[in-house]
Chemist: 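What follows is a single structure, and I will ask about it in a moment.
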Amino acid sequence: MNYALIIAGGSGNRMGQDIPKQFMHVDDCPIIVHTLLAFERHPDIHGIAVVCLDGWQTVLRSYANQFSVTKLKWIFKGGDSGMESIHNGIYGLREEGCQGEDLVLIHDAVRPLLSQDIISSNIAICQKYGYAITGIRCREAILESEDGFSTTKSIPRDKLIRTQTPQTFRLRNIIEAHEEAAVRGIENSVASCTLMAELGGREMHIVPGSEKNIKVTTVEDLEILKALMHTQKDSWLK
Ligand SMILES: Nc1ccn([C@@H]2O[C@H](COP(=O)(O)OP(=O)(O)OP(=O)(O)O)[C@@H](O)[C@H]2O)c(=O)n1
Ligand SMILES: C[C@](O)(CO)[C@H](O)COP(=O)(O)O
């Protein structure tokens with residue numbers, strides 16, 4: 001079985017709005033629902049779990065009913081960090097009876113424009129190689145700066161991959177990683193892929209992502225999201 005684990009436990013401080021960004025509406029539909037519908041539409045996704053910010057579970061459930069998200073099976077409690085939210089989600093899935101061999105596609109609630117192809121490729125690459133990370137090659141020149149104001153140093157971009165989500169694992173592998181992280185005192189890795197790299201010994205394979213698979217972090221991202229949705233209509237769903 002293949003399960004989507006949507007992480008929506010963040011409060012969206014950088015967006016600076018009254019409500020968490022995953023619940024803000026774009027095109028008369030909350031961002032998180034656009035995300036859920038991408039997985040709802042995919043024939044090889046068998047169920048969806050959401051790790052949700054405390055206090056928003058009832059709202060989420062009613063939006064899922066309103067927008068006919070029939071695959072939403074589980075809502076788990078959000079954590080204080082992204083890693084803790086993922087932790088709650090994977091242990092929750094295990095408690096709910098999901099099997100170690102099942103695939104878990106971990107995805108940011110605030111990346112609503114992921115395509116069906118990205119979901120398909122995550123499943124295929126994870127089945128074949130074990131660890132699937134969505135990413136795109138870095139096109140920009142990269143500078144390193146201590147203070148964000150001045151620099152004398154550039155970093156070659158040829159080998160750099162900008163990661164996105166989904167990041168996909170067999171449930172037993174992602175749980176093993178979190179167990180090892182607990183033993184080694186790794187508590188707040190930026191993402192599942194950075195956790196795997198910190199732990200070592202896990203070869204990750206890159207799934208081609210898209211510049212359109214943006215993460216809505218700031219008001220500027222929200223404007224880009226609206227523009228993409230309005231200009232592309234349904235073409236990004238393919
Ligand atoms: N404790 C957290 C923090 C983040 N996330 C989720 O991880 C994704 C990416 O995180 P980010 O954009 O950093 O979200 P926020 O933490 O909400 O934003 P900010 O850092 O601006 O407060 C989002 O879907 C967010 O809801 C989560 O599940 N649990
Ligand atoms: C998981 C992620 O979206 C991959 O690009 C990213 O690492 C999330 O980072 P953030 O610090 O939560 O913005």
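Numbering of ligands and ligand atoms starts at 1, following listing order. These numbers come from a predicted model, not from an experiment.
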Chemist: At under 4.0 Å between heavy atoms, which part of His107 makes contact with ligand 2: side chain, backbone, both or neither?
Modeler: neither
Chemist: Distance under 4.0 Å to a non-hydrogen atom of Arg111: what atoms of ligand 2 satisfy this?
Modeler: 2 (C), 3 (O), 4 (C), 5 (O)
Chemist: Test your reading of the structure: does Val216 have an N or O sitting under 3.5 Å from an N or O of ligand 1?
Modeler: no
Chemist: Work out whether the distance between some heavy atom of Lys21 and some atom of ligand 1 is less than 4.0 Å.
Modeler: yes
Chemist: Can you check whether Pro166's main-chain N or O pairs, donor with acceptor, with Thr134's side chain at less than 3.5 Å?
Modeler: yes
Chemist: Do Leu37 and Val26 belong to the same hydrophobic cluster, where Ile, Leu, Val, Met, Phe, Trp and Tyr are linked whenever their side-chain heavy atoms lie under 4.5 Å apart, directly or via other members?
Modeler: yes
Chemist: I want to know if ligand 2 touches Asp108 in the polar sense, i.e. an N/O pair below 3.5 angstrom.
Modeler: yes
Chemist: Do NZ/NE/NH1/NH2 and the carboxylate oxygens of Arg14 and Glu220 come within less than 4.0 Å?
Modeler: no
Chemist: Would you say Ser81 contacts ligand 1, with heavy atoms under 4.0 Å as the rule?
Modeler: yes
Chemist: Kindly say whether the aromatic ring centers of Phe39 and His107 come within a distance under 6.0 Å.
Modeler: yes
Chemist: Distance under 4.0 Å to a non-hydrogen atom of Val110: what atoms of ligand 1 satisfy this?
Modeler: 23 (C), 24 (O)
Chemist: Heavy-atom pairs closer than 4.0 Å: do any link ligand 1 to the side chain of Ile86, the backbone, both, or neither?
Modeler: neither
Chemist: Within a distance under 4.0 Å of any heavy atom of Ala191, pick out the atoms of ligand 2 and give their elements.
Modeler: 1 (C), 7 (O)
Chemist: Tell me: protein heavy atom nearest atom 8 (C) of ligand 2, and distance?
Modeler: Lys215 CE, 3.8 Å
